[in-house]
> 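Would you mind keeping the following structure in view while I ask a few things?
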Amino acid sequence: QVQLVESGGGSVQAGGSLRLSCAASGGTYNTYALAWFRQAPGEEREFLAAISASTGITYIRGSATGRFTIAKDDAKTTVYLQMNHLRPEDTAVYYCAANVRNRVAGLESYYAYWGEGTQVTVST
C-alpha cells in the first residue's frame, strides 16, 4: 500500500511561486510513477505533470507547460511540483498520485493511489 502526503500549499499573490511536496511511502519506490493533478471548484480534475521514480522521465502537459516543473528526491522518496508565475486560475486543490507500474501517463485511471490534496490559492 502506497501512502502519499502532500504539503506546501498556501496563499500567494499572482506572479509568485510555490513548491509542493509529495512524500511517498510503502511499496517499492523504484516501481512508482508519481504525478500531480489539480481540481478547481466545479471543474474536472486536471493532469499537470508526472515523473518516473526509476528513470526520471517526465511528462508535463497543458496548464503546467512552461511554468511548472516536476522533480524528485530519491533519498527522501519525495516528488516536487515547482510552480512559477502563478495566476488566479491556478487556484485549486493539488493532488499527488502514484502507480506502481512505473507508467508515466496523464490519465487519472493510471493512478491507483492518491493523497488528500493541498489547497493553493492565488490572489490578484
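Any value given below was found using the heavy atoms of this structure, including those in side chains, with hydrogens, waters and symmetry copies removed.
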> For Y110, check ring-ring contact (aromatic ring centres under 6.0 Å, His included) against everything at least two apart and list the hits.
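By the ring-ring contact (aromatic ring centres under 6.0 Å, His included) rule, Y110 matches no residue at all.
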> How close do L34 and Y29 get, heavy atom to heavy atom, and via which atoms?
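What the structure gives for the nearest pair is CD1-CE1, 4.2 Å.
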> Distance-only check: which donor-acceptor pairs under 3.5 Å involve side-chain atoms of residues 7-27, not counting sequence neighbours?
| residue | atom | partner | partner atom | Å |
| --- | --- | --- | --- | --- |
| S17 | OG | N84 | OD1 | 3.0 |
| S25 | OG | Q3 | OE1 | 3.4 |

> Same cluster or not: are Y111 and Y59 linked, directly or through other Ile, Leu, Val, Met, Phe, Trp or Tyr residues, by side-chain heavy atoms under 4.5 angstrom apart?
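Yes, Y111 and Y59 fall within the same hydrophobic cluster.
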> How close do V93 and G117 get, counting heavy atoms only, and between which atoms?
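Closest approach of V93 to G117, heavy atoms only: CG1-CA, 3.8 Å.
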> State whether the side chain of D74 and the backbone N or O of T77 hold a donor-acceptor pair below 3.5 Å, judged by distance alone.
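No; zero donor-acceptor contacts below 3.5 Å.
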> Can you classify the ring geometry of Y95 versus W114 as parallel (below 30°), tilted (30 to 60°) or perpendicular (above 60°)?
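Perpendicular: the ring planes of Y95 and W114 meet at over 60°.
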> Do you know which two heavy atoms are closest between L86 and M83, and how far apart they sit?
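So the two residues come closest at CD2-CB, 3.8 Å.
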> Return the CD to CD distance between E43 and E89, rounded to the nearest 0.5 Å.
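That separation rounds to 11.5 Å.
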> Could you check whether any side-chain heavy atom of E6 comes within less than 4.5 Å of a side-chain heavy atom of W36, counting everything from C-beta outward?
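Side chain of E6 against side chain of W36, heavy atoms only: contact under 4.5 Å found.
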> For residues 45-53, which side-chain donor-acceptor pairs fall under 3.5 Å, sequence neighbours excluded?
| residue | atom | partner | partner atom | Å |
| --- | --- | --- | --- | --- |
| E46 | OE1 | R38 | NE | 2.8 |
| E46 | OE1 | R38 | NH2 | 3.3 |
| E46 | OE2 | S63 | OG | 2.6 |
| S52 | OG | S54 | N | 3.3 |
| S52 | OG | S54 | OG | 3.2 |
| S52 | OG | T55 | N | 3.1 |
| S52 | OG | T55 | OG1 | 3.0 |
| S52 | OG | N102 | OD1 | 2.6 |

> Determine, using the 4.5 Å side-chain heavy-atom cutoff (strictly less than), whether L81 and V120 are members of one ILVMFWY cluster.
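L81 clusters together with V120.
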> List the atom of I60, the atom of F68, and the distance in Å for their closest heavy-atom pair.
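Between these two residues, the closest heavy atoms are CD1-O, 3.7 Å.
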> Take N99 and Y113 through the side chain to side chain donor-acceptor pair (under 3.5 Å) test and state the conclusion after the steps.
CA-CA 6 Å; N99 68 56; Y113 304 97; over 6 Å; no
> Between Y94 and D90, what is the shortest heavy-atom contact and its length?
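Shortest heavy-atom separation between Y94 and D90 comes out as OH-O, 2.6 Å.
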> Does V79 reach the side chain of I70, with side-chain heavy atoms less than 4.5 Å apart?
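When only atoms from C-beta onward are counted, I70 and V79 do touch, with a gap below 4.5 Å.
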> More than 12 foreign heavy atoms under 6.0 Å from CD of E116: is that the case here?
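Open.
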> Between T91 and Q119, which heavy-atom pair has the shortest distance, and what is it?
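What the structure gives for the nearest pair is CG2-NE2, 4.0 Å.
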> Say whether, by atom type as modelled, one donor and one acceptor occur between the side chain of T31 and the main chain of T28 under 3.5 angstrom.
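Judged by distance alone, yes, a pair lies under 3.5 Å.
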